[in-house]
Student: 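Have a look at the structure that comes next, please.
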2 protein chains.
Amino acid sequence: MVSKKRDNRASGRVTLDDVALAAGVSRMTVSRALRGDRKVAPELVARAIQAANRLGYVPDPAARALASSKSSHVAILIPLLSNQLFVDLLEGVQRTLLPTGYQTLMGVTHYDASEEEQLLKGYLMHRPAGLLVTGSEHSESTKQLIAKSGIPCVHLMETLAQDGIYSVGFSQRDAARVVTQHLIDTGRRRIAFAAAQLDPRTLQRAHGYRDCLKEAGLYDATLEWQNPAPSSLKIGSTMFEQILSIRPRVDAIFFCNDDLAQGGLLAALRMGIKVPRQVSIAGFNDLPGSAEFVPSLTTIKTPRWEIGVRAAKMLLQLMRGEPVAEPNVDLGFELVLRQSTAVA
Amino acid sequence: MVSKKRDNRASGRVTLDDVALAAGVSRMTVSRALRGDRKVAPELVARAIQAANRLGYVPDPAARALASSKSSHVAILIPLLSNQLFVDLLEGVQRTLLPTGYQTLMGVTHYDASEEEQLLKGYLMHRPAGLLVTGSEHSESTKQLIAKSGIPCVHLMETLAQDGIYSVGFSQRDAARVVTQHLIDTGRRRIAFAAAQLDPRTLQRAHGYRDCLKEAGLYDATLEWQNPAPSSLKIGSTMFEQILSIRPRVDAIFFCNDDLAQGGLLAALRMGIKVPRQVSIAGFNDLPGSAEFVPSLTTIKTPRWEIGVRAAKMLLQLMRGEPVAEPNVDLGFELVLRQSTAVA
DNA sequence: CTGAAAGCGCTTACAG
DNA sequence: CTGAAAGCGCTTACAG
């Protein structure tokens, strides 16, 4: 029995040297075998893996990070967690990354460019292996930081087609067009657009709304309502009341997010305005509750969970240095027809 | 000009040695000065800090973790992110921890004990400096893992008073009593309890409901409805319909979470049942939308953001080895009276 | 294909 | 109070 010589600083954990000793090979061979590095004799790989399992070896992420200058962290920056949209996105990412051994560091930017920058700086000093950021609009220095870091990065939620930029999302603009066209198709003519938060994706939806109405010859700039306040049921109620009091003949409202639309539905209820008979209402994102509301809410179902999964997979390829066949993935969307826009 | 001798493995980052060189002291002195270790001459501290700032020195977390066997990570385990409650909790934690340099690793357990255990194991191999877990009920091996790890841990959301256990929360049971008593006080006699998910805290609320009705001599076990499905507007609607169809004379329903109550409110609307005239409805947590609903929802406002902040502060003390004056903090709750339980 | 050496950037433990 | 030495547990880079 050879008792291991151990300094009193040892952490007590099973190390590569322990496994090497047990397997009768060098530390390096175990290291390579366990990471699946090529050029290790199959027999030695087997011995190493067996010994590692027997001893319950778990690699130390800190040591690995220090030696290789690569961490097992993936940082993800999202605007909010109070919108279920981003919760689903995050779940998709975590589900995909967790089994691969990567740890997710999640930062909430609150739609604030300087908060985003601060968070990014914080994550960058941990030298994450990969980066996931929401959207394409960022402060100049945020973009610089990402580019200079050389760390693989995938952009979420939007469709981009820039060289060297990776993204998974869908066309916010097209989705808004589809909603607007549906309102036109169901006989509406005075269609308002109600937006809050005014983040980049909301503004892209505003474009889609505008495009569609202009093509139909129905565009009226005074029917576009934008409120920079954070999106909420409450602000949706307020906006509904405003719109109807100032423009009582409006016959449809496209809210840029379901929480606003739900608030609008509640305001209509309080005001005794019939939906969809008098005003037809559509939302965006198909958030929890929209199918249960009275009336149920027509909306766009967005593939945020799938975006999370797909983006994480793409990032995995990038982190491994594998080629990415499709750097800009469009996952589409789906118009969900419900009572709130039924033909009057 | 002395050019630094650098191996080609160097990461290019500014290291402690660079700072030491610039400050004209040893690496150790800089290390101690920067960490605020005692027993460094004030003048040298100043020089070290100045040099560090000038060079833009940022300590490498991996190196620090490896050398000290202590990471800068705090792991937090929460059941869900789709309940705003936990989002607020997490925000409170992040807000408090971020400026201190600790990174948060967040894991979602989905109310699943084995998922919780898996996540915990994953985090433990990163040797986090601290642990934050939701509630007090965990699998035996989860408890063992936490205890054996020796890592400081604070329990969230509940009030506990066990030796050696740290917690920040409020009494779920008392809060439920207060709601129930309010329903009694407003003249209700056939008060149903509708619960979903059936997690520990929900069951504690059931106890409070039961206690209160028993004391009032109004308890009827057949008015307790428990559905193990995840809490949602939809399940709340379903439960409301069930309760009213089977027990049409019920005059109040206490839903254990606001999303259920909101669903109940919508079901009542669809069924043409007047709230609060025929049935009074109360919820729990004061989630977004509850103040805007029609009618607005009476509920318990829970201090989850404050719980996050306070728990993070307590954990900080524990991680620094400082004494904790109050190991079990009760942050209370507030009954918010709204229209849904107004006197008929 | 395998391994001995050196090093990643920090902190611990020990002298002085 | 300060510093030289050694080490944390791994991987890179280089020989063989």
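Below, read A as the first sequence line, B as the second, and so on, with proteins coming before strands; counting in each chain starts at 1.
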Student: Send over the distance from A:His126 NE2 to C:dG9 C1', rounded to a whole Å.
Tutor: 14 Å
Student: Among C:dG9, D:dC1, C:dT2, which nucleotide sits nearest the side chain of B:Arg13?
Tutor: C:dG9
Student: Which listed nucleotide (C:dC10, C:dT12, C:dT2) is nearest to the side chain of A:Leu44?
Tutor: C:dT2
Student: Counting only side-chain N and O atoms of A:Ser26, is one of them less than 4.0 Å from OP1 or OP2 of C:dG3?
Tutor: yes
Student: Given that both pair distances must be under 3.5 Å and the pair must be Watson-Crick or G-U, what runs of three or more consecutive pairs involve DNA chain C?
Tutor: C:1-3 with D:14-16, C:5-12 with D:5-12, C:14-16 with D:1-3
Student: Using a cut-off of less than 4.0 Å, is there contact between a side-chain N or O of B:Arg35 and OP1 or OP2 of C:dT12?
Tutor: yes
Student: Looking at every non-hydrogen atom in both residues, tell me the closest pair between A:Pro128 and A:Ile151 and how far apart they are.
Tutor: O-CD1, 3.4 Å
Student: State whether a side-chain donor-acceptor pair under 3.5 Å links B:Glu158 with B:Ser136.
Tutor: yes
Student: What nucleotide among D:dT11, C:dG9, C:dT12 has an atom nearest to a side-chain atom of A:Leu16?
Tutor: D:dT11
Student: Where each residue is assigned the nucleotide of DNA chain D containing its nearest heavy atom, which of B:Thr29 and B:Ala63 is assigned the position nearer the 5′ end?
Tutor: B:Thr29
Student: Counting side-chain heavy atoms from CB outward, which of C:dC10, D:dT11, C:dT12 is closest to B:Ser68?
Tutor: C:dT12
Student: Does any donor atom in the side chain of A:Gln144 or A:His138 lie under 3.5 Å from an acceptor atom in the other side chain?
Tutor: no
Student: Nearest of C:dC10, D:dT12, D:dC1 to any side-chain atom of B:Lys39?
Tutor: D:dC1
Student: Side chains of B:Asp112 and B:Ser114: do they bring a donor and an acceptor to under 3.5 Å?
Tutor: yes
Student: Give the minimum heavy-atom separation between B:Gly169 and B:Thr159, together with the two atoms involved.
Tutor: C-CG2, 4.1 Å
Student: Roughly how far, to the nearest 0.5 Å, is CZ of B:Phe86 from CE of B:Met157?
Tutor: 6.0 Å
Student: To the nearest Å, give me how far apart CG (A:Asp17) and P (C:dG3) are.
Tutor: 13 Å
Student: Measure from the side chain of A:Arg64, starting at C-beta and using heavy atoms only, and say which of D:dG7, D:dT11, D:dT2 lies closest.
Tutor: D:dT11
Student: Take the protein atom CE of B:Met28 and the nucleotide atom C1' of C:dA13, then report the distance between them rounded to whole Å.
Tutor: 10 Å
Student: Consider only side-chain N and O atoms of A:Gln103 and A:His73, and report whether a donor and an acceptor are under 3.5 Å apart.
Tutor: no
Student: If I take atom CZ in residue B:Arg27 and atom P in nucleotide C:dG9, what distance separates them, rounded to the nearest angstrom?
Tutor: 11 Å
Student: Does a side-chain N-to-carboxylate-O contact under 4.0 Å join A:Glu326 and A:Arg310?
Tutor: yes
Student: Taking the basic N atoms (NZ, or NE/NH1/NH2) and the acidic carboxylate oxygens, is any pair closer than 4.0 Å for A:Asp60 and B:Arg127?
Tutor: yes
Student: With distance as the sole criterion, do the side chain of A:Arg32 and the base of D:dT12 form a donor-acceptor contact below 3.5 Å?
Tutor: no
Student: Using heavy atoms and a sub-4.0 Å distance, could you list which residues of residues 46-60 of chain A are near DNA chain D? By number, please.
Tutor: A:Tyr57, A:Val58, A:Pro59, A:Asp60
Student: How about A:Ser31 and A:Arg27: does a side-chain donor come under 3.5 Å of a side-chain acceptor?
Tutor: no
Student: Counting side-chain heavy atoms from CB outward, which of D:dT12, D:dG9, D:dG3 is closest to B:Arg127?
Tutor: D:dG9
Student: Ignoring the backbone of A:Leu66, work out which of C:dC8, C:dC10, C:dT2 is nearest its side chain.
Tutor: C:dC8
